[in-house]
Amino acid sequence: MEEIILGTRKVPFIVLKKAIRHSYLRIKPEGYLQITANKRITLHAIDQFIRRNETRILKELDSRQQMLPQSKEEAWVFGTVFPVKKTPVLRKEVRLEDGEFRIPSALEEDKVPQAIEKYYGKLVADEARKMLADETKALSQTFNLAGIAIKTQRMKSRFGSCQTQKRVIKLNTVLGRFDARYLHAILIHELVHLRVHNHGIDFYRLLLSYVPEYRRLRRELNRMVKTIGV
Ligand SMILES: [Zn+2]
């Protein structure tokens, strides 16, 4: 992989040469650039092409750098990072207490991921219910909020789902890691499904009237999940 200095950063890049006229630049989730360009492009021209996009690249990479990977040492709770601490307590619940993400040392190692997901599940469900309660006035003009059940689950392929008949909204526990506005966007998306089942024009019209920045939030969420690999 080649490297280029942009600002104070060494940014790796690869060049894919093809029979195309224009050059394209993608910032990969792994933090390198992928340039697709004409077969005969020179290294100098590539260099210039990247530099023309310098502002965008640095802005994007900077915003990603704030997205620290989840680790054994750090846990994110709605976008804030907390130190992970093993604590000698008998109860087998994960808790956020006194600025620490506490994992009981009594918990067997193989049960830790499950306990963490249980923590996020409750966190996400509680916050989603609170959001619905806080916005009841605005939401109830469009939605019947009565008898909606909020459930959570660690899902691999989607952020939420809506069983319209049973009126169950299921939210991915992964949403407990990021700023709560992402959870809000997904919650409203699923809520709109109670009115519109597909993802057509009517669906987006309604969704965007409640969450105007939905598309951007969704893109950011996709990217964060990919980058972090949670
Ligand atoms: Zn949907």
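These numbers were taken from a predicted model, which means no experiment stands behind them. Order of appearance sets the numbers: ligands from 1, and atoms from 1 within every ligand.
Remark: the His189 side chain and the Tyr214 side chain contain an N/O donor-acceptor pair separated by less than 3.5 Å. Using modelled atom types and a 3.5 Å distance limit, the side chains of Glu127 and His184 yield no donor-acceptor pair.
Less than 2.8 Å away from the Zn ion (ligand 1), the protein contributes these N/O/S atoms: His189 NE2, His193 NE2, His199 NE2.
Arg129 contributes a side-chain N or O that, together with a main-chain N or O of Ile150, makes up a donor-acceptor pair within less than 3.5 Å. For Arg195 (side chain) and Thr142 (main-chain N/O), a donor-acceptor pair under 3.5 Å exists by modelled atom type.
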(message) As a quick check of understanding, evaluate ring pair (Phe, Tyr, Trp, His ring centres under 6.0 Å) for Phe101 and Tyr119, giving each step before the final call.
(response) CA-CA 10 Å; Phe101 193 86; Tyr119 165 81; 5.3 Å; yes

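In this structure, CG on Leu171 lies 10.0 Å from SG on Cys162, to the nearest 0.5 angstrom.
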